[in-house]
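This report refers to the structure that appears directly beneath it.
Only this structure's heavy atoms are used, side chains among them; waters, hydrogens and symmetry mates stay out. Order of listing sets the numbers, starting from 1, for every ligand and every atom in it.
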Amino acid sequence: MADRGDMDDTLMRVHTNPRTLGTARERIALVTEAARRAGSYAANAPHRPVYPGREAIEALTAFDRPLPETGSPAREVLAELDAFGSPATVVSNGGRYFGFVNGGTDPAAQAAAILAGAWDQNAATPVMSPVADRLQAVTGQWILDALALPSYARVAFTTGASEANLTVFLAARDALYARQGWDVGLHGLAGAPALRVVVGEQAHASALRALRLAGFGAAQIERVPVDAQGAIDADAFPLVDSSTLVVLQAGNVNSGASDPFARIIPAAREAGAWVHVDGAFGLWAAASPSLAHLVDGVQLADSWATDAHKWLNSPYDSGILAVRDPEALERAMAMDSTYLPAGLGAAMGAGIRMSQSARAVPVWAMLASHGREGLAELVDRTCALAARMQSRLVEAGAIALNDVVLNQALVAFPSASGEPDDAMTDAVIARFQDDGIGWAGGTTWHGGRAMRLSVSDAATTEDDVDAVSAAIVAAWEAVR
Ligand SMILES: *Cc1c(COP(=O)(O)O)cnc(C)c1O
């Protein structure tokens, strides 16, 4: 295939301001140098300490200086950034980082982000960037296809699941008020009829914050009891109506468990409620034929939020929302402008941002390079690695705290009596983090302390899991 984007630099015009822009040759050399450093960083990720050492963190004081009066050549700026910045990174993409649900770095997505950075497109409307607009549309369809969501749903790219949740809550709120005969756009929230919000007891903290930002106070929110894995108990789910926003979850951030969608969603929607699913990572179970049963019925909801920067290993920050009724979203996000051609399908008409980067581009590259099979393989493999991690630790005497159904494993460490011991668990986590061989954080689970291990980096191998589980066991032996 002819590479029409890659022009010979000798054909390019020379910029007249060599100080800031440089000649064409210098520009190519600079960006190539940045890409070379990026490639070197990525290739060496497995050999770096997972968490930067004290020296690297202290060296960051190199950045502590006032705004310079005069600038420096871009090459030197880049070299300084690499020299002091790269060693002080947390290496979440070298295969041995199991913290939070922080994804690794997909090679195709990273490379696409480098090129898209050079494009510097404003993806707000088609007229600002035909390529961003087309790739948003295509990637949106691919995501709906991969997740088996309705093909007519409106997809938009966001900074993360937090923004995706918030955006959808605003659309759902306006739609639910409209069902009560109340026009929020005209009358605002004061004096509006009451809406109900129903969430699981283990809804993600960021979803609760998004609800608050959308105008739903804590006292308004009905919390439904959950089972031992943190999934909503369908038998305890209340009767809802057309004034109710239901927020379900695919993938509990600690256990990976999903709410029983098939048992809840049909009746709730039949009653006129708006059902949203926060599936920041867990929604991707739907992309695996062997795991899709975990989120059975999730496709029946009104809206979904998920992330590309977690399990898809796309670069930060990258989230996705999908709404079954495109007009409900576009009505809530509408604005009048004399100079901005919103146009049907414009990204700025489906979210709270106007100017925005072309976040779909790296996601497109990731999906193009993996395909349906590669995506399923990524999901399956990371889940199997999470199970392997928990097994290794349990074989050594740790206590399993969750059923590993997805890519999340929870363990506690016992005291001499064999009971889970909060102080011991925290001590093991701290010691393991200090050792720099891997990284995992802690959480509170059913009132006790737990180590949580999330396999969200496609680079992780069985060897990584074996080495890291051995290091955790060594940390336990050291603090015992
Ligand atoms: C991570 C997460 C969020 C927040 O997503 P961000 O992309 O970090 O904003 C929301 N819900 C769940 C279940 C999550 O795991």
Side-chain angles (χ1 to χ4, degrees), residues 90 92 97-105 109 143 147 155-170 197 199-214 221 223-224 226 229-232 245-259 261 275-286 294-295 298 301 303-322 351-353 356-357 359-360 362-363 366 379 382-383 386 402 405-410 440-441 443-445 450 452-457:
V90 172
S92 57
Y97 185 86
F98 301 93
F100 310 99
V101 193
N102 286 354
T105 311
I143 290 166
L147 298 175
V155 175
F157 294 86
T158 68
T159 52
S162 294
E163 185 192 336
N165 281 332
L166 172 61
T167 307
V168 169
F169 292 159
L170 295 170
V197 181
V199 308
E201 190 59 63
Q202 288 258 333
H204 195 268
S206 69
L208 297 173
R209 176 176 62 180
L211 285 168
R212 193 180 78 229
L213 296 176
I221 295 175
R223 303 258 211 144
V224 187
V226 294
Q229 300 298 317
I232 285 178
L245 170 58
V246 176
V247 180
L248 304 180
Q249 184 166 258
N252 177 293
V253 77
N254 286 316
S255 72
S258 292
D259 291 332
F261 306 117
V275 182
H276 173 69
V277 176
D278 173 11
F281 62 98
L283 197 56
W284 293 97
L294 294 171
V295 292
V298 75
S303 56
W304 306 264
T306 191
D307 269 318
H309 57 218
K310 288 181 175 170
W311 219 350
L312 287 202
N313 285 218
S314 275
Y316 290 99
D317 36 19
S318 184
I320 298 147
L321 66 80
I352 57 181
R353 280 164 302 128
Q356 52 192 286
S357 68
R359 285 192 170 73
V363 183
M366 187 280 173
V379 169
T382 42
C383 291
N402 73 321
V405 290
L406 227 51
N407 59 336
Q408 308 290 117
L410 293 175
T443 191
T444 298
W445 183 246
R452 59 185 297 285
L453 296 130
S454 172
V455 185
S456 301
D457 179 5

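Legend: residues meeting side chain to side chain donor-acceptor pair (under 3.5 Å) with His309, ordered by chain and number and at least two apart, are Asp307. Taking Ser162 as the reference, nothing meets the side chain to side chain donor-acceptor pair (under 3.5 Å) condition, with sequence neighbours excluded. In terms of the salt bridge (Lys or Arg N to Asp or Glu O under 4.0 Å) criterion, Asp457 has no residue partners (sequence neighbours excluded).
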- Message: As a quick check of understanding, evaluate side chain to side chain contact (heavy atoms under 4.5 Å, CB included) for Ser456 and Phe100, giving each step before the final call.
- Response: CA-CA 9 Å; Ser456 301; Phe100 310 99; over 6 Å; no
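At a heavy-atom cutoff of 4.0 Å, ligand 1 is surrounded by Gly160, Ala161, Ser162, His204, Ser206, Gln249, Gly251, Val253, Asp278, Ala280, Phe281, Asp307, His309, Lys310.
When all heavy atoms are compared, the tightest approach of Ile352 to Leu170 is CG2-CD1, 4.1 Å. Heavy-atom minimum distance, Gly256 versus Leu406: O-CD2, 3.4 Å.
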